[in-house]
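We use all heavy atoms of the structure for the numbers below, so side chains are in, but hydrogens, waters and symmetry mates are not.
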Amino acid sequence: MQQRKDEQEATAAKTTLRLLEKKVKDMLVDQGRLVEVPYTATLGDTMNALVANKVVALPVAAPPGQWIGAGGSMILESDKQTGAVRKHYIGMVTMLDIVAYIADDDGSNDQMTDVANLEKKMMVPVSSIIGRSFEGLSLWTLNPNTNILDCMELFSKGIHRALVPVDSQMENIQGVELVESASSYKMLTQMDLLKFLKDHASELGEILSSSIKEIGCLNQNVYAITDRTKVIDAIKCLRTALLNAVPIVESSNDFEEDHRQLVDGEGRKPIGTFSATDLRGCHLSALQTWLPQRALEFTELVSRSPLFASKEGVSAPKEMVSCQPQAALAEVIEKIVSKHVHRVWVVDEQGLLAGLVSLTDIVGALRVSLLSKIDVM
């Protein structure tokens, strides 16, 4: 019996090792062309591009030799035959960058002023807002020969996406780089990595059977807005805390709370989610109208918009995507991929908030577990 058990464990270990031999390029087989915006595009044009392509981030391209890339990066697109540089990717603009810029004001709480300022701000060039979120401070590339563990290391640090050169002209063989030159690029995201790992679940072994609490990807710090918070204030909350999303909780009649500020979500009843991604499903003219309205009403409106469908054509779900602390990691990953969300709210048996699980949390916990497994092989 022991011999059979040892043989089964050895077979499982070999299967996991085969998975870890996979490269970044193996995750990009079905990826389409890279969508980008020029540095001269207005913020309004950029938001429309995000809507049209159903993405939440876009690289910004500029003529070579005129800009310093985000974080000192030098990511170039060059001609495959001659090597002549055609463009320089100076940064990545995300929905959170746009949210942060929208939220910056002169201290006025006048709603009409907010609407007028929004229209004015949407005319500025996108190049002027790069770096307003943590991720926008640097532009990362991953060599296509980078192994999965190294890719997971980058994504476990809160980096959500990286450019991957299709045919790198640099000397490096693998790894994360701030300097790169290639004739074309593709984009790899945390979601792409998680989908790939889900498709290879059998090769991960018993790791996916662990609960999110056991494996260490449950984040118990959860901030929220209330069902009385207005859209403009919700945007400002995201900007202040550099969050991509917050749960919407039922307001309390038991004590006085400021609905313009974030509240401690622990032990509160979640009834919705407000995300920077929500703005992707709302054109500028509609957003101007909705700024003074309640965030909960806005999320319900956007969830019915066909513009808010994912790349796979899945419309944004109205229901709260949640789980309990005892939920298996496999179950949570399935919810994230099938619902195309970037976090799952964790609730207790009474349905009250106990924390959250993000893609960053999952990738980090999985990487630690895989490294531990390698150490005992």
Side-chain angles (χ1 to χ4, degrees), residues 8-9 11-22 24 26-27 147-161 188-222 243-245 247 265-266 270 273 275 277 310 312 314 317 319-377:
Q8 289 175 337
E9 290 179 350
T11 300
K14 289 179 181 178
T15 301
T16 301
L17 283 174
R18 282 198 297 271
L19 171 63
L20 297 181
E21 289 172 356
K22 298 288 187 181
V24 162
D26 298 317
M27 292 182 269
N147 65 51
I148 282 185
L149 279 176
D150 287 343
C151 174
M152 293 175 76
E153 181 181 14
L154 176 68
F155 286 157
S156 69
K157 295 178 179 177
I159 304 301
H160 300 145
R161 55 191 59 82
L188 183 73
T189 67
Q190 285 180 325
M191 184 67 78
D192 295 326
L193 172 62
L194 217 57
K195 287 179 180 178
F196 184 82
L197 294 175
K198 175 182 176 292
D199 291 340
H200 293 78
S202 61
E203 299 168 59
L204 287 170
E206 73 282 357
I207 294 176
L208 293 182
S209 300
S210 304
S211 73
I212 56 172
K213 188 174 183 179
E214 291 170 340
I215 203 170
C217 60
L218 169 56
N219 185 343
Q220 294 179 306
N221 297 317
V222 55
L243 296 172
N244 284 291
E266 186 177 3
T273 300
S275 169
T277 311
S310 69
E312 291 77 17
V314 180
E319 76 271 16
M320 283 287 300
V321 183
S322 62
C323 69
Q324 293 192 348
Q326 296 76 29
L329 183 57
E331 175 190 338
V332 176
I333 291 176
E334 172 62 34
K335 287 187 176 185
I336 285 174
V337 173
S338 63
K339 301 295 185 181
H340 205 78
V341 295
H342 292 81
R343 72 216 39 88
V344 173
W345 307 120
V346 181
V347 297
D348 61 20
E349 294 180 354
Q350 287 74 45
L352 304 180
L353 277 171
L356 69 123
V357 179
S358 69
L359 270 64
T360 299
D361 297 325
I362 291 175
V363 171
L366 270 175
R367 183 175 183 274
V368 170
S369 296
L370 287 169
L371 287 172
S372 299
K373 194 170 184 179
I374 290 174
D375 288 340
V376 299
M377 287 179 182

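The shortest non-hydrogen separation linking Ile207 to Ile215 is CG2-CD1, 3.7 Å. Minimum interatomic distance between Leu352 and Pro270 (heavy atoms only, all atoms of both residues): CA-CD, 4.4 Å. Residues Ser211 and Pro325 come closest through the heavy atom pair CB-O, 3.8 Å. Glu349 approaches Gln324 most closely through the heavy-atom pair CA-NE2, 3.6 Å. In plain terms, the two heavy atoms of Leu154 and Ile159 that are nearest each other are O-CB, 3.7 Å. A pairwise comparison of heavy atoms in Leu218 and Gly355 identifies CD1-CA, 4.2 Å as the closest pair.
Taking 4.5 Å as the limit, some side-chain heavy atom of Leu19 sits within range of a side-chain heavy atom of Phe196. Looking at heavy atoms from C-beta onward, His200 lies out of side-chain contact with Leu197 at the 4.5 angstrom threshold. Side-chain contact between Val357 and Asn219: absent, with no pair of heavy atoms (C-beta onward) separated by less than 4.5 Å. Using a 4.5 Å heavy-atom cutoff, the side chains of Met27 and Asp192 are not in contact. Contact annotation: the side chain of Leu353 never approaches that of Glu266 to less than 4.5 Å [non-hydrogen atoms, C-beta and beyond]. In this structure the side chain of Trp345 never reaches within 4.5 angstrom of the side chain of Val321, judged on heavy atoms. At a threshold of 4.5 Å between non-hydrogen side-chain atoms, the residues Gln190 and Arg161 do not count as touching. Inter-residue side-chain proximity for Val363 and Ser156 is flagged as met; some heavy-atom pair is nearer than 4.5 Å.
Taking SG from Cys217 and CG from Leu356, the interatomic distance works out to 10.0 Å, rounded to the nearest 0.5 Å. Atom CD1 of Ile212 is separated from atom CD1 of Ile362 by 8.0 Å, given to the nearest 0.5 angstrom. The NZ atom of Lys335 lies 15.0 Å from the CZ atom of Arg343; values are rounded to the nearest 0.5 Å. Note: Ile336 CD1 to Leu359 CG = 5.0 Å, rounded to the nearest 0.5 Å. Annotation: the span from Met152 atom CE to Leu366 atom CG amounts to 4.5 Å, rounded to 0.5 Å. Separating the CD atom in Glu21 from the CG atom in Leu149 is a distance of 11.0 Å, to the nearest 0.5 Å.
A salt bridge links Lys198 to Glu334: one of the charged nitrogens lies within less than 4.0 Å of a carboxylate oxygen.
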